[in-house]
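Every chain is numbered from 1, with letters handed out A, B, ... down the list of sequences.
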Amino acid sequence: MRTSWADSGSNSASESAVPAYSGNSSGSRPTRATYVPPHLRNRTPSADLPAASPAAQAQPQANDRVGYGGPPGGSRWAGGSRPDYGRQAYGSGGRTGGGSSGSSSGGGSSGWNNRSGGWDRGREREVNPFGNDDEGEGTLNEQENTGINFDAYEDIPVETSGDNVPPPVNTFAEIDLGEALNQNIRRCKYVKPTPVQRNAIPIILAGRDLMACAQTGSGKTAAFCFPIITGIMREQYAQRSRGPRTVYPLALILSPTRELSCQIHDEARKFSYQTGVKVVVAYGGAPINQQLRELERGVDILVATPGRLVDLLERARVSLQMIRYLALDEADRMLDMGFEPQIRKIVEQMDMPPPGRRQTMLFSATFPKEIQRLASDFLSNYIFLAVGRVGSSTDLIIQRVEYVHETDKRSHLMDLLHAQRETETNGKQSLTLVFVETKKGADSLEHWLCMNGFPATTIHGDRTQQEREMALRSFKSGKTPILVATDVAARGLDIPHVAHVVNFDLPNDIDDYVHRIGRTGRAGKSGLATAFFNENNMSLARALSDLMQEANQEVPAWLTRFASRAPYNGGKNRRSGGGRFGGRDFRREGSFTRSTDYYGGGNSGSGGGSSSVGYGVPSSYGGGYGPGVASAWD
DNA sequence: AAAAAAG
């Protein structure tokens, strides 16, 4: 039934007079949010509040300014909702067979090159985020940076649950993502979708909410970016009415660290290149003015850290009223004690449309039950998706635990580094990421390493943003092949060539361990993770031992002994539901729970239906775990 | 107890 969206594009001119806030909400605009933030109260509605009707929007506003908002005339709708930058590559770019749609859908749809006004002279052309002109491809370097070892993705177990789960796809070609995006996918050298993409993209394209467990290195960012970009390109949106300097993004992507937000922004910009979809990032520690200027140029997808976003919301520089897509990356972290209030404020107490009127996607490598319970507040009849980790841990991440007394840690680390030095491969210095518990400890270890002839740098929350970014660059480039980090670097960061993760200090939480070791063995490549264990880590013994065992790792006898002595499931954060996925759908934890309360769509009978799609799951998997857990986390 | 996220 889905018409090709090239068609929908060419039809859009005639439909464009109807503000399309479609999806499942019967094509109506979002009603005015009942909540009016304090800063918007007692202001002149015509100036500040988004207009309530298309007619009102058609009235030229006195404070129109090229650069944000754009011309208000209804006729410009034909050119799309963001008239100040056209959808060049979609149709009018001439790349598609149906290239006529661009020109037929109103002359307003000019491309980047035709933008009027010299206000942003010098920025008229979209910067090519690929850093080339489609030539000089195929160099070794390119391959290394973007190449994903797809063979490692073949045998990944996948589990889904929820109502009417859309079936997975096997190729990008099966999905109608649009020519401009397809071209970017080719530029990224993504040949075929990774398991999380195969499953998540159809779910999101179908308009469903999603809670997904998948390691970041498995293509998670693309899994939620592709359908968001396609959705924004495909549909006509009611022109965003505007208050002075307020912008109305259509999609919001939140992440727990600044670096991760930057990384998501960089990726999203590649995916949206020449699609006319504008991505902006906002995070703390950097001057806000530049970010404000970027926002004023127009924003469809806003990538942000929570603190800075709240700031922007309170300044009324951003409104969430038009949000159609909400994605939380590292969602379990976003909902833990430190972050939850801020996230609730953003999602529930500002002007964002409620669940059901927006699409919500939560991604994380781990999803403890308690967090799932909190998260269900944000979701509407969602689908739970668990994708086993890339490859089996036995061949991709080798985990080692060594008993090292506190006082011996430094010399032991030095031994490891010496050994590492001799095994550097193919000219490219291999990188070592060392995790410590405290910021002070990070500085101190970095200093000591440098004193001992090991080029090291450090990243933690007490450093300035500039220092943090510098450290990361220096590490990535190999200039300082050792990076000492706190948990700020534990999640999501995609750093190629990290050969070795050392847990100099083990975390207290096994989920943090999982995230940390996930910094190596990425994109299907192999990696090594070494942990220093001692009497301070007893509370982690059982969880660590269980995890390693599940991952077919060699568990030292002494660790097994500690584990058996430890109180049953002693760690505060045992792996809920067992199994090797980062988590399983808490709605299926058994009929004695209140799971139906969270179901939304009704949990009885087929409600809890699950379709486990195993991609060559070895028969040895699946034993010993609860019903429906088909599989292997690693 | 620590880390992160606003300035």
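- Dashed line: the shortest gap from a side-chain N or O of A/R258 to OP1 or OP2 of B/dA6 is under 4.0 Å.
- Looking at the side chain of A/T257, the nearest of the listed nucleotides B/dA5, B/dA3, B/dA6 is B/dA5.
- Here A/G338 lies in heavy-atom contact (under 4.0 Å) with a base.
- In this structure, A/D509 atom CG and B/dA4 atom P are separated by 16 Å, rounded to whole Å.
- Taking atom CZ of residue A/R516 and atom P of nucleotide B/dA2, one finds them 15 Å apart after rounding to whole Å.
- Take A/H265 and apply the ring pair (Phe, Tyr, Trp, His ring centres under 6.0 Å) test, not counting sequence neighbours, and it matches no residue.
- Remark: aromatic rings of A/F224 and A/F363 are close, center separation under 6.0 Å.
- For A/R308, the side-chain atoms get nearest to B/dG7 when compared with the rest of B/dA1, B/dA5, B/dG7.
- Nearest to the side chain of A/D311, among B/dG7, B/dA1, B/dA4, sits B/dG7.
- The phosphate of B/dA1 (OP1 or OP2) has no side-chain N or O of A/T438 nearer than 4.0 angstrom.
- A straight line from CZ of A/R463 to P of B/dA4 spans 12 Å, rounded to a whole angstrom.
- When distances are taken from the side chain of A/R468 to each of B/dA6, B/dA3, B/dA5, the shortest belongs to B/dA5.
- Note on A/E296 versus A/R317: salt bridge recorded, some NZ/NE/NH1/NH2 to OD/OE distance being below 4.0 Å.
- Side-chain rings of A/F454 and A/W448 stay apart, their centers remaining 6.0 Å or farther from each other.
- Across the protein-nucleic acid pair, A/D505 atom CG and B/dA1 atom P stand 17 Å apart, rounded to whole Å.
- For A/L506 and B/dA1, the CG to C1' distance is 16 Å, given to the nearest whole Å.
- The A/Y283 side chain lies nearest to B/dA6 when the options are B/dA3, B/dA1, B/dA6.
- Rounded to an integer number of Å, the gap from A/L260 CG to B/dA5 C1' is 13 Å.
- For A/E348, the side-chain hydrogen bond (donor to acceptor under 3.5 Å, both in side chains) partners at least two apart in sequence or on another chain are A/R344.
- When heavy atoms are screened at a 4.0 angstrom cut-off, A/R333 is found touching no nucleic acid atom at all.
- What separates CG of A/D329 from C1' of B/dA4 is a distance of 15 Å, to the nearest Å.
- The separation between A/E330 atom CD and B/dA5 atom C1' is 15 Å, rounded to whole Å.
- For the OP1/OP2 pair of B/dA4 and a distance below 4.0 Å, the side-chain nitrogens and oxygens of A/K439 include at least one atom meeting the criterion.
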